[in-house]
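Excluded from the calculations below are hydrogen atoms, water molecules and symmetry mates; all remaining heavy atoms, backbone and side chain alike, are included. Below, chain A is the first sequence line, B the second, and so on; all start at residue 1.
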Protein chains: 2
Amino acid sequence: MSTDLKTEECCPPAKEEFVGPLHGEEAETELASFARALGHPIRVAILRILMKRQECICGELVEELPVAQSTVSQHLKKLKEARLIRGTVDGPRVCYCIEPQALDRFRKLFDATFTTEG
Amino acid sequence: MSTDLKTEECCPPAKEEFVGPLHGEEAETELASFARALGHPIRVAILRILMKRQECICGELVEELPVAQSTVSQHLKKLKEARLIRGTVDGPRVCYCIEPQALDRFRKLFDATFTTEG
DNA sequence: CCTCTTTATCGCCTATCGACGATAGACGGT
DNA sequence: ACCGTCTATCGTCGATAGGCGATAAAGAGG
């Protein structure tokens with residue numbers, strides 16, 4: 001319970017709440033917003049890497065992706081704006097991780113809109 | 001079984017095949033492509049209307065949407081390019097319907113990428 | 001053939017995206 | 001304080017998105 005491991009306190013909490021209607025104009029805008037954030041191969045790749053690694057430093061993403069550091073940073077910004085990921089400052093680094101609740105919310109909106117009983 | 005009802009033969013068949021890898025660069029591009037198509041509120045609204053109505057004439061969509069006819073037509077074009085919908089010419093009209101297999105494919109790609117066992 | 005209806009396309013405009021290099025800002029280590 | 005490292009932001013550029021009105025294209029019907 002000591003404060004030795006600062007590198008590990010990135011992802012766990014996730015206190016963001018994803019509530020809101022599942023139908024109507026607002027829901028459609030929210031769904032479209034998530035979809036837009038997913039709408040680029042690099043961003044999908046970032047999320048895939050974060051799924052595999054649980055958490056990840058920006059620099060590690062840059063190593064694995066075929067684009068420049070600044071470009072990765074901009075994609076991270078969009079993912080963060082869509083609340084699909086979270087970034088935690090850890091000294092000079094930033095630790096990124098997925099916001100699972102956002103993926104759940106996206107799935108809920110998708111299902112509510114595109115399932116026959118919806 | 002006669003050929004009286006031409007207006008009804010829009011959606012049923014759906015012989016498009018959605019096969020391909022669920023992982024890797026190609027899958028990520030395909031997933032991003034679907035997401036991009038979903039990434040606009042009007043296009044989500046179009047799909048929602050088509051879910052409700054089963055099939056729909058372009059003009060009916062225009063009536064329900066707050067944008068011009070030409071704009072609706074362009075959104076329909078993108079949805080068609082993403083193979084999320086299908087359009088069948090019926091005289092001077094065009095009957096649109098959802099391509100359910102595309103939604104299934106999208107969901108499969110999404111799950112394969114963003115589920116913990118994937 | 002002409003006309004009406006319906007839909008797609010064109011042209012034009014503004015706004016946003018996506019990429020990059022360069023630079024700034026924040027932190028740790030010496 | 002001074003570096004070196006890591007990340008975000010800025011400025012720029014070309015490409016694409018998204019909107020509209022106007023126009024073209026295609027079929028139905030007189």
Side-chain angles (χ1 to χ4, degrees), chain A residues 3-7 9-10 28-29 32-47 49-50 53 55-82 84-97, chain B residues 3-7 9-10 25 28-29 32-47 49-50 55-82 84-97:
Chain A
T3 55
D4 287 327
L5 301 175
K6 292 192 176 178
T7 328
E9 48 190 351
C10 167
E28 288 172 5
T29 302
S33 176
F34 278 129
R36 273 179 72 83
L38 274 181
H40 194 287
I42 293 287
R43 291 197 284 271
V44 174
I46 289 174
L47 293 174
I49 294 171
L50 289 178
R53 296 211 188 180
E55 61 185 51
C56 198
I57 297 302
C58 172
E60 298 176 309
L61 293 168
V62 173
E63 285 174 11
E64 292 207 25
L65 295 169
V67 288
Q69 177 268 325
S70 59
T71 304
V72 172
S73 193
Q74 297 204 90
H75 284 301
L76 287 170
K77 187 179 182 181
K78 294 203 172 177
L79 289 170
K80 212 165 24 176
E81 285 169 354
L84 282 165
I85 64 173
R86 203 157 15 112
T88 304
V89 176
D90 175 27
R93 294 175 249 276
V94 178
C95 175
Y96 285 99
C97 62
Chain B
T3 54
D4 289 325
L5 302 175
K6 292 193 174 178
T7 328
E9 49 189 351
C10 167
E25 195 174 331
E28 288 172 7
T29 302
S33 177
F34 278 129
R36 276 179 69 86
L38 274 182
H40 194 288
I42 293 288
R43 290 197 286 271
V44 174
I46 289 174
L47 293 174
I49 295 171
L50 289 178
E55 62 185 52
C56 199
I57 295 302
C58 173
E60 298 175 309
L61 293 167
V62 174
E63 284 174 11
E64 292 206 27
L65 295 169
V67 288
Q69 177 268 326
S70 59
T71 304
V72 172
S73 193
Q74 297 205 89
H75 284 302
L76 288 169
K77 187 179 182 184
K78 292 201 173 178
L79 289 170
K80 212 164 27 175
E81 285 170 353
L84 282 166
I85 64 172
R86 204 155 15 113
T88 305
V89 177
D90 175 27
R93 292 175 249 278
V94 178
C95 174
Y96 286 98
C97 61

Subject >> Separation of atom CZ in B:Arg93 from atom P in C:dA8, rounded to whole Å >> reply: 13 Å
Subject >> From CD (B:Glu28) to CD1 (A:Ile46), nearest 0.5 Å >> reply: 10.5 Å
Subject >> Nucleic acid contacts of residues 65-81 of chain A, taken as heavy-atom distances under 4.0 Å to DNA chain C >> reply: A:Val67, A:Ala68, A:Ser70, A:Thr71, A:Gln74, A:His75, A:Lys78
**OP:** Could you tell me the separation between the CG atom of A:Leu38 and the CG atom of B:Leu38, rounded to the nearest 0.5 Å?
**Re:** 9.5 Å
**OP:** Check the distance between D:dA8's P and A:Leu61's CG and give it to me in whole angstrom.
**Re:** 10 Å
Original post:
Are B:Leu76 and B:Val94 close enough that some pair of their side-chain heavy atoms sits under 4.5 Å apart?
Top reply: no
**OP:** Compare all side-chain heavy atoms of A:Ile49 with those of A:Leu65 and state whether any distance is below 4.5 angstrom.
**Re:** yes
Original post:
Does a side-chain N or O from B:Tyr96 land closer than 4.0 Å to OP1 or OP2 of C:dT6, or not?
Top reply: no
Original post:
Taking atom P of C:dT16 as reference, at what distance in whole Å does atom CZ of A:Arg43 sit?
Top reply: 15 Å
Subject >> 4.5 Å side-chain heavy-atom contact, B:Ile85 and B:Cys97 >> reply: no
Original post:
Tell me, for nucleotides 24-30 of chain D in 5' to 3' order, what letter each nucleotide earns: B for a base near a protein heavy atom under 4.0 Å, S for only sugar-phosphate near one, - for neither?
Top reply: ---SS--
**OP:** Could you check how far CD1 of B:Ile85 sits from C1' of C:dT7, rounded to whole Å?
**Re:** 13 Å
Subject >> Phosphate-side-chain proximity, B:Arg36 and D:dT16, N/O vs OP1/OP2 below 4.0 Å >> reply: no
Original post:
Side chains of A:Pro66 and A:Ile42: does their closest heavy-atom pair fall under 4.5 Å?
Top reply: yes
Original post:
Hey, is CD on A:Glu81 packed in by over 12 heavy atoms from elsewhere, all under 6.0 Å?
Top reply: yes
**OP:** Please identify each residue that fulfils side-chain contact (heavy atoms from CB on, under 4.5 Å) with A:Thr29, with sequence neighbours left out.
**Re:** B:Pro41
